[in-house]
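Here the structure comes first, spelled out in structure tokens, and everything after it is commentary.
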Amino acid sequence: MPNLKIYVDEAIYPASREALVGTLGDIHRLLCRDLDVPPAACQIAMLPVVALPDLPRIGVELHILPRPDRTRDMLTDLSLRLRDLLFAASGVAVAVRVSLLDPQTCVALK
């Protein structure tokens, strides 16, 4: 159940919105393929935010449940591809953070 939030600085959001929204399908396919989940398992949202000008203009947070195949190297590679997709669409710095959820305490209802 990948939960992906893309936070876009509101200062760049109007000019990059269309291109960024255009990446959502590619991001969805990337998550499904690399994390081996069905499309309905994903939650993806893009939100304009107020950000400090000296920080990356786009911040990505991915929360997932751990699995043996979700190694640090695999998640780093996935993060690099997410960053590259969003940079190509926006031309601004992108920070990606991945967090593994505790399966004993995680609750997800759809």
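Note that these values count all heavy atoms, side chains included, but never hydrogens, waters or copies made by symmetry. Numbering starts at 1 and runs along the sequence shown.
Looking at Leu78 and Leu62, their side chains come closer than 4.5 Å, going by heavy atoms from C-beta outward. Between Arg29 and Asp26, some side-chain heavy-atom pair lies under the 4.5 Å cut-off. Looking at Ile6 and Val8, their side chains come closer than 4.5 Å, going by heavy atoms from C-beta outward. A heavy-atom distance below 4.5 Å is found between the side chains of Cys42 and Cys32. No side-chain heavy atom of Met46 sits under 4.5 Å from any side-chain heavy atom of Tyr7. The side-chain heavy atoms of Ile44 and Leu31, taken from C-beta on, include a pair separated by under 4.5 Å. You'll find the side chain of Val92 stays beyond 4.5 Å of the side chain of Leu86, heavy atoms only. For the pair Leu82 and Val94, the minimum side-chain heavy-atom distance is 4.5 Å or more.
Remark: Arg97 CZ to Glu61 CD distance equals 7.0 Å, nearest 0.5 Å. Here the OG atom belonging to Ser90 is positioned 11.0 Å from the CZ atom belonging to Arg57, to the nearest 0.5 angstrom. Between Leu24 atom CG and Leu30 atom CG the span is 12.0 Å, to the nearest 0.5 Å. To the nearest 0.5 Å, the span separating CG on Asn3 from CD1 on Ile64 amounts to 11.0 Å.
Across every non-hydrogen atom of Ala41 and Val37, the tightest pair is CB-CB, 4.0 Å.
Within 6.0 Å of the CZ atom in Arg33, the count of heavy atoms belonging to other residues, nucleotides or ligands exceeds 12.
Put simply, Ile27 and Met1 are part of two different groups of oily side chains (I, L, V, M, F, W, Y) that touch within less than 4.5 Å, one to the next. Taken together through direct or relayed side-chain contacts under 4.5 Å among Ile, Leu, Val, Met, Phe, Trp and Tyr, Leu4 and Phe87 form part of one hydrophobic cluster. Transitive grouping of hydrophobic side chains (ILVMFWY, heavy atoms separated by less than 4.5 Å) brings Val60 and Met74 into a common cluster.
Checked for salt-bridge contact, Asp84 and Arg81 miss the test: no charged N lies under 4.0 Å from a carboxylate O.
His28 places a side-chain N or O within donor-acceptor distance of the main-chain N or O of Pro39, the cut-off being under 3.5 Å. Between the Arg70 side chain and the Leu35 main chain, a donor and an acceptor come within less than 3.5 Å of each other.
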Derivation of the side-chain contact (heavy atoms from CB on, under 4.5 Å) call for Leu55 and Asp9: CA-CA 10 Å; Leu55 297 177; Asp9 186 330; over 6 Å; no
